[in-house]
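Just so we're on the same page: letters track the sequence lines, and every chain starts at 1. Every heavy atom of this structure was used, including side-chain atoms; hydrogens, water molecules and symmetry mates were not.
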Amino acid sequence: AQKITQTQPGMFVQEKEAVTLDCTYDTSDPSYGLFWYKQPSSGEMIFLIYQGSYDQQNATEGRYSLNFQKARKSANLVISASQLGDSAMYFCAMKISGGGNKLTFGTGTQLKVEL
Amino acid sequence: DAGITQSPRHKVTETGTPVTLRCHQTENHRYMYWYRQDPGHGLRLIHYSYGVKDTDKGEVSDGYSVSRSKTEDFLLTLESATSSQTSVYFCATSKRTGQGIDYGYTFGSGTRLTVV
């Protein structure tokens with residue numbers, strides 16, 4: 001069975017600073033995908049970034065980048081130049097090939113950006 | 001038109017009452033899912049569907065049943081609601097992807113269910 005671990009229940013960062021949200025995963029399947037979602041206080045789930053297990057380069061999307069270290073089974077999200085609007089809950093998730101296309105989520109990290 | 005619509009958005013019900021939550025999609029996605037979100041647990045899969053009339057259990061399926069009679073609709077039923085089923089319920093859809101970028105799921109806005 002696959003598992004996602006997010007060990008930081010809460011994080012604080014100052015505006016304009018970079019922040020790293022940790023995510024480790026466990027799976028024996030060689031083909032998998034890793035996702036990060038943002039959930040603001042309004043409750044919707046917003047897709048941020050995706051990394052495939054066979055991707056050679058770390059994924060980037062604007063101010064978001066994914067620090068993918070396959071040997072360590074980690075997929076940390078890096079947010080550069082934090083903004084007040086980045087304050088939200090962030091979820092790491094994993095999907096393995098086959099198996100109903102199911103996403104397994106971590107418990108989330110609550111990020112608060114301060115002035 | 002929203003891609004995924006959940007109804008109702010909020011519901012308060014009494015213990016022992018049956019409750020049905022509806023998820024309607026216009027994405028024509030094959031896969032549909034029901035998750036519950038609770039503090040400290042993230043999102044946990046209740047049931048999912050991989051086609052019309054094809055459903056399977058997730059990790060927290062006890063006390064829940066689902067039905068999918070049309071591609072567009074996925075219903076979640078709590079046969080006899082309990083206080084432990086107080087939660088926020090999310091419906092999601094996905095299409096099977098091949099190589100390349102994968103956007104994972106499209107989520108509904110959630111249903112906040114309170115069982116008193």
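- Residues Y35(B) and K102(A) come closest through the heavy atom pair OH-C, 4.5 Å.
- Residue F107(B) is grouped with residue F35(A) when hydrophobic side chains (ILVMFWY) are merged at heavy-atom distances under 4.5 angstrom, including chains of intermediate members.
- Using a 4.5 Å cut-off between heavy atoms, Y50(B) does not touch chain A at all.
- Residues L43(B) and F105(A) approach most closely at O-CB, 3.6 Å, considering heavy atoms.
- Both F47(A) and F91(A) belong to a common hydrophobic cluster when Ile, Leu, Val, Met, Phe, Trp and Tyr are linked at side-chain heavy-atom distances under 4.5 angstrom.
- The CD atom of Q37(B) sits 11.0 Å away from atom OG1 of T107(A), with the distance rounded to the nearest 0.5 Å.
- Going from atom CG of L103(A) over to atom CG of L45(B) covers 9.5 Å, rounded to the nearest 0.5 Å.
- Enclosure of atom CZ in R112(B) is not indicated, since only 12 or fewer non-hydrogen atoms of other residues, nucleotides or ligands lie within 6.0 angstrom.
- Sparse packing is recorded around NZ of K3(A), with 12 or fewer heavy atoms of other residues, nucleotides or ligands lying under 6.0 Å away.
- Of the two parts of E59(B), neither the backbone nor the side chain holds a non-hydrogen atom closer than 4.5 Å to a non-hydrogen atom of chain A.
- Atom NZ of K70(A) has more than 12 neighbouring heavy atoms from other residues, nucleotides or ligands inside a 6.0 Å radius.
- For the pair Q39(A)/F90(B), a side-chain contact is recorded, criterion being any heavy-atom separation below 4.5 Å from C-beta on.
- No single ILVMFWY cluster, assembled from side-chain heavy atoms under 4.5 Å apart, contains both M45(A) and W34(B).
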